[in-house]
*Asks:* 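For reference, the structure I am asking about is given below.
This chain uses plain numbering: 1 for the first residue, then up along the sequence.
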Amino acid sequence: MKKQLFLMSALALTALTSCGGQGGGLKVGLICLHDKNSTYDANFIEAFESACEEAKQAGKISEYSYVTDVPETDECYNAAERFVNQGYSIIFSDSYGHDPYMGKAAKAFPNVFFCSATGDKANAEDDGEVVNTPNYHNAFASIYEGRYLAGVAAGQYLKENGHSNTEEPVQLGYVGAFNYAEVISGYTSWFLGVKSIFKNATMRVTYTKSWYDYDAEAAAAQKLIDEKCVLISQHADSMGAPNTCKTANIPNVSYNVNTADVDPTCKDTYVAHSRINWKPYYTEVLNTAIGSKIKGEKGHDWTGTLKTGSVEYNVTDNIKDKKPIETAEKELKDGTRHVFDTKNFTCKTHELPEGATIDSSTGKLTSYKVNLNGDFESPKVIEQEIVKDGHVEESVYRSAPSFAIIIDGITEE
């Protein structure tokens, strides 16, 4: 599978050289939505600190710092502006909602390099918020691969713990933050991983409408448990769901962290987790900016993968037979298995998003044209077909997820 890589333009490199100089003069900043109490933000911060500390010890940068609890409003732009005024040459952010404000800053300060992780505006021709400007980039990773493998682990765990009949119609639960592509792509890939073992599995999804709300996540998990879901996963950033699962003795697949490491009392309910390791990205950006090499003149996205070490997963030692998980990982890496293989799901039940078409008799997805410039109401529509060779090419044409179809077997609440 081809992947877009981080590409720094000559103009952006020149801007960095003039602003901070190459080598030890560079100052690097990170803007975070929450603090380290959020497993999501902690994952970014730890990778950022590790990459920057290595660069600093090597004499490549002079200073690095991060700011926390920056909302997805003009406060993000203000935080970026403060970094610029303090002489910072490279500024990152860690949340999707920061994207338009980071883009605004990139337009205002062309001699500084900006990157909004998980965003999707950097390739925009002009959507009224962000213009395709050479000092602005987005980054993500193919985390759907990690989620899929965590789903395979969940299926294997159930098979070994009271659900030996894999024809059984097990019901799963999922605590999601919002109902847009990043979350839908993630929970669909996880669900398909479970279905690789339990083909008759179904899943109920409850949204919290927040990335980090302990009480809402705990309540959502409890609701799913009350609805007889036998295993709960999540795409939300607190320990609310894992702790609720621990109390109810329901197995849990977490995100970003091994919850048993955070709280050893979770060891009996922790099954697996996946996460993006952002260190390879930060290291590559710093090395590209500091070194004299230029990696290309087109593209504003970077996509990390299992192969680059950017997608990681972990499974509990309580799973005795890990061969199905290991086989799936090998096949994902060598391209003989695809997470969104159209043979493995149908789309008859729910309304399709604009741009998607199915075979009316089988319900199989036949075409999915997405707008790489946001939604189809944007002034500039960059339409891209992402169904190729019988599978959805997720995070190939832009780094951020595009898959926003609710497939059969999933119920949103």
Side-chain angles (χ1 to χ4, degrees), residues 1 3-4 40 95-97 99 117-121 138-152 154 172 174-196 203-208 211 233-237 253 255-256 273-276 301-306 310-313 328 332 337-342 344-347 350-356 358 365 367-376 384-388 391-412:
M1 178 181 290
K3 293 287 180 183
Q4 287 186 317
Y40 175 85
S95 185
Y96 176 79
D99 197 20
T118 80
D120 58 12
K121 301 297 185 186
N138 289 141
F140 215 110
S142 56
I143 187 58
Y144 62 90
E145 295 176 313
R147 289 191 185 277
Y148 178 88
L149 293 170
V152 177
L172 313 163
Y174 200 96
V175 178
F178 295 94
N179 63 336
Y180 51 62
E182 181 180 342
V183 177
I184 296 171
S185 174
Y187 69 57
T188 305
S189 55
W190 182 77
F191 180 57
L192 290 171
V194 180
K195 280 177 69 68
S196 70
M203 185 169 74
R204 305 179 76 86
V205 178
T206 296
Y207 299 107
T208 62
W211 285 118
S233 189
Q234 69 187 80
H235 189 167
D237 299 334
V253 172
Y255 184 42
N256 285 317
H273 78 278
S274 60
R275 77 178 191 115
I276 296 174
D301 279 23
W302 180 93
T303 304
T305 66
L306 280 167
S310 302
V311 176
E312 299 179 342
Y313 74 100
L332 288 176
R337 183 183 303 209
H338 300 283
V339 171
F340 295 100
D341 189 319
T342 58
N344 296 331
F345 62 91
T346 57
C347 311
H350 304 277
E351 182 179 355
L352 294 171
E354 187 172 354
I358 62 172
L365 185 66
S367 176
Y368 193 10
K369 295 177 180 178
V370 300
N371 181 15
L372 302 184
N373 189 28
D375 61 61
F376 280 86
Q384 174 64 53
E385 174 64 68
I386 62 172
V387 176
K388 298 285 183 69
H391 67 274
V392 176
E393 292 191 317
E394 181 70 304
S395 297
V396 171
Y397 304 97
R398 72 176 190 194
S399 57
S402 298
F403 191 92
I405 299 171
I406 311 302
I407 68 172
D408 296 340
I410 295 177
T411 302
E412 292 181 299

*Asks:* With sequence neighbours excluded, tell me which residues meet side-chain contact (heavy atoms from CB on, under 4.5 Å) with S367.
*Replies:*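 T357, K369, E385.
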*Asks:* Can you tell me how far the CE atom of M203 sits from the CD1 atom of I410, to the nearest 0.5 Å?
*Replies:*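 Result: 4.0 Å between the selected atoms.
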*Asks:* Would you say S233 and V175 make side-chain contact, with heavy atoms under 4.5 Å?
*Replies:*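 Not in contact.
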*Asks:* Tell me, with the steps shown, if T303 and V396 meet side chain to side chain contact (heavy atoms under 4.5 Å, CB included).
*Replies:* CA-CA 8 Å; T303 304; V396 171; over 6 Å; no
*Asks:* Closest approach of S196 and V152, non-hydrogen atoms and distance?
*Replies:*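 Looks like OG-CG2, 3.7 Å.
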*Asks:* Are the side chains of F345 and D408 in contact, using a 4.5 Å heavy-atom criterion?
*Replies:*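 Answer no - side chains too far apart.
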*Asks:* Kindly determine whether Q234 and V253 satisfy side chain to side chain contact (heavy atoms under 4.5 Å, CB included), including the steps that lead there.
*Replies:* CA-CA 7 Å; Q234 69 187 80; V253 172; over 6 Å; no
*Asks:* Among residues at least two apart in sequence or on other chains, which ones pass side-chain contact (heavy atoms from CB on, under 4.5 Å) with E412?
*Replies:*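 By the side-chain contact (heavy atoms from CB on, under 4.5 Å) rule, E412 matches N179, Y187, Y207, I406.
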*Asks:* Examine R147 relative to F191 and say whether NZ or CZ is less than 6.0 Å from the centre of the six-membered ring and inside a 45° cone about the ring axis.
*Replies:*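 Not flagged: R147 not positioned over aromatic ring of F191.
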*Asks:* To the nearest 0.5 Å, tell me how far W211 CH2 sits from S95 OG.
*Replies:*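 If we round to the nearest 0.5 Å, W211:CH2 and S95:OG are 7.0 Å apart.
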*Asks:* Y144 versus L149: any side-chain heavy-atom pair under 4.5 Å?
*Replies:*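 Heavy-atom side-chain distance check fails, nothing below 4.5 Å.
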*Asks:* For side chain to side chain contact (heavy atoms under 4.5 Å, CB included), just list the numbers for T411 and V205, CA-CA rounded to whole Å, side-chain angles, deciding distance to a tenth of an Å, and then say yes or no.
*Replies:* CA-CA 6 Å; T411 302; V205 178; over 6 Å; no
*Asks:* Find the distance between CD (E354) and OH (Y368) and round it off to the nearest 0.5 Å.
*Replies:*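 These two atoms lie 10.5 Å from each other.
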*Asks:* If the condition is salt bridge (Lys or Arg N to Asp or Glu O under 4.0 Å), which residues does R337 pass it with, not counting sequence neighbours?
*Replies:*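 Listed in chain order: E331.
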*Asks:* Restricting to side-chain contact (heavy atoms from CB on, under 4.5 Å), what partner residues turn up for N344, sequence neighbours left out?
*Replies:*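 By the side-chain contact (heavy atoms from CB on, under 4.5 Å) rule, N344 matches D341.
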*Asks:* If you round to the nearest 0.5 Å, how far is CD of E145 from CG of L306?
*Replies:*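 Separation between the atoms: 4.0 Å.
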*Asks:* Can you name the nearest heavy-atom pair linking V311 to G146, along with the distance?
*Replies:*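 Of all heavy-atom pairs spanning V311 and G146, the closest is CG1-N, 3.5 Å.
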*Asks:* With a 3.5 Å distance limit and no angle check, can you tell me whether S142 reaches the backbone of G304 through a side-chain donor-acceptor pair?
*Replies:*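 Checked: pair present.
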*Asks:* To the nearest 0.5 Å, tell me how far R398 CZ sits from K121 NZ.
*Replies:*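 So the CZ of R398 and the NZ of K121 are separated by 8.5 Å.
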*Asks:* Could you tell me which non-hydrogen atom of P401 sits nearest to which non-hydrogen atom of F140, and how far apart they are?
*Replies:*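 Shortest heavy-atom separation between P401 and F140 comes out as CD-CE1, 3.7 Å.
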*Asks:* Any side-chain heavy atom of L172 within less than 4.5 Å of one from V194?
*Replies:*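 Touching, per the 4.5 Å side-chain cut-off.
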*Asks:* Which heavy atom of Y174 sits nearest to which heavy atom of G186, and what is that distance?
*Replies:*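 Minimum heavy-atom contact is OH-C, 4.2 Å.
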*Asks:* Taking the side chain as everything from C-beta on, heavy atoms only, tell me whether E312 gets closer than 4.5 Å to H273.
*Replies:*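 Heavy-atom side-chain distance check fails, nothing below 4.5 Å.
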*Asks:* Is S274 close to W190 at the side-chain level, that is, under 4.5 Å between some pair of heavy atoms?
*Replies:*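 No, side chains not in contact.
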*Asks:* So which atom in N256 and which in I276 form the shortest heavy-atom distance, rounded to 0.1 Å?
*Replies:*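 For N256 versus I276, the nearest heavy atoms are OD1-N, 4.5 Å.
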*Asks:* Within the structure provided, determine whether N138 and D99 are in side-chain contact (heavy-atom separation under 4.5 Å).
*Replies:*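 They are in contact (side-chain heavy atoms under 4.5 Å apart), so the answer is yes.
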*Asks:* Does A139 have any side-chain contact (heavy atoms from CB on, under 4.5 Å) partners at least two apart in sequence or in another chain, and if so, which?
*Replies:*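 With neighbours one apart ignored, the set is C115, W278, Y281, W302.
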*Asks:* If you take all heavy atoms of S399 and G119, which pair is closest and at what distance?
*Replies:*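 Smallest heavy-atom distance, with atoms named: OG-O, 4.4 Å.
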*Asks:* Going by side chain to side chain donor-acceptor pair (under 3.5 Å), name the residues that satisfy it together with Y96, two or more places apart in sequence or in a different chain.
*Replies:*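 So Y96 forms a side chain to side chain donor-acceptor pair (under 3.5 Å) with D120.
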*Asks:* Could you state the interatomic distance from OG (S185) to CD (E394), rounded to the nearest 0.5 Å?
*Replies:*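 Answer rounded to 0.5 Å: 3.5 Å.
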*Asks:* Side chain to side chain contact (heavy atoms under 4.5 Å, CB included) for T346 and I407? Distances and angles first, verdict last.
*Replies:* CA-CA 6 Å; T346 57; I407 68 172; over 6 Å; no
*Asks:* Hey, does the side chain of H350 reach the backbone of C347 with a donor-acceptor pair shorter than 3.5 angstrom?
*Replies:*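 Such a contact is absent between H350 side chain and C347 backbone.
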*Asks:* Do T188 and I405 touch side chain to side chain, with heavy atoms closer than 4.5 Å?
*Replies:*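 With C-beta onward as the side chain, the pair stays apart.
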*Asks:* Can you classify the ring geometry of Y255 versus H235 as parallel (below 30°), tilted (30 to 60°) or perpendicular (above 60°)?
*Replies:*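 Geometry flag for H235 against Y255: perpendicular rings.
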